[in-house]
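Note that the structure is a prediction, hence the values are computed from the model and not measured.
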Amino acid sequence: MLALDLDDLPYLGLMYPGFDVYLADAAVLLGLGERETYPDLIHHGTYGPRMRRHAAQCFAGESCVQYPFEFAPVYKQLRLEQGQDGIRDGTATG
């Protein structure tokens, strides 16, 4: 499960390792308590390995991506060439 926060600077990051953990936490079955940041579960003994696996697969090993996205490792990993993203010369194609 991802957290999307658009209040200040755009933020997209891991929050739960899966929908199952989200539902259990929403039903107060896990006793996770209050967390300081969205990806706090990445350090949890049980859910951390699953969160780190998602981070490696989705965010180039990071737990989140924040604006400006051009400097995020995941952006560099995509290696988009001009035209691959549907934009050429500043205009959208397709």
[X] and [Y]: same hydrophobic cluster, using ILVMFWY side-chain contacts below 4.5 Å?
X: Tyr38; Y: Phe19; value: yes
X: Val28; Y: Leu30; value: no
X: Leu29; Y: Val21; value: no

Any donor-acceptor pair under 3.5 Å from Arg35 side chain to Leu41 backbone: no
Heavy-atom donor-acceptor pair, Asp25 side chain to Tyr22 backbone, under 3.5 Å: no
How close do [X] and [Y] get, heavy atom to heavy atom, and via which atoms?
X: Cys64; Y: Phe59; result: C-CD2, 4.3 Å
X: Pro17; Y: Met51; result: N-SD, 3.3 Å
X: Arg50; Y: Asp20; result: NH2-OD1, 3.0 Å
X: Asp40; Y: Glu36; result: OD2-N, 2.7 Å

To the nearest 0.5 Å, how far apart are [atom1] in [X] and [atom2] in [Y]?
X: Asp5; Y: Met15; atom1: CG; atom2: CE; value: 10.0 Å
X: Tyr47; Y: Leu32; atom1: OH; atom2: CG; value: 6.0 Å
X: Tyr16; Y: Leu23; atom1: OH; atom2: CG; value: 9.5 Å
X: Leu14; Y: Glu62; atom1: CG; atom2: CD; value: 10.5 Å

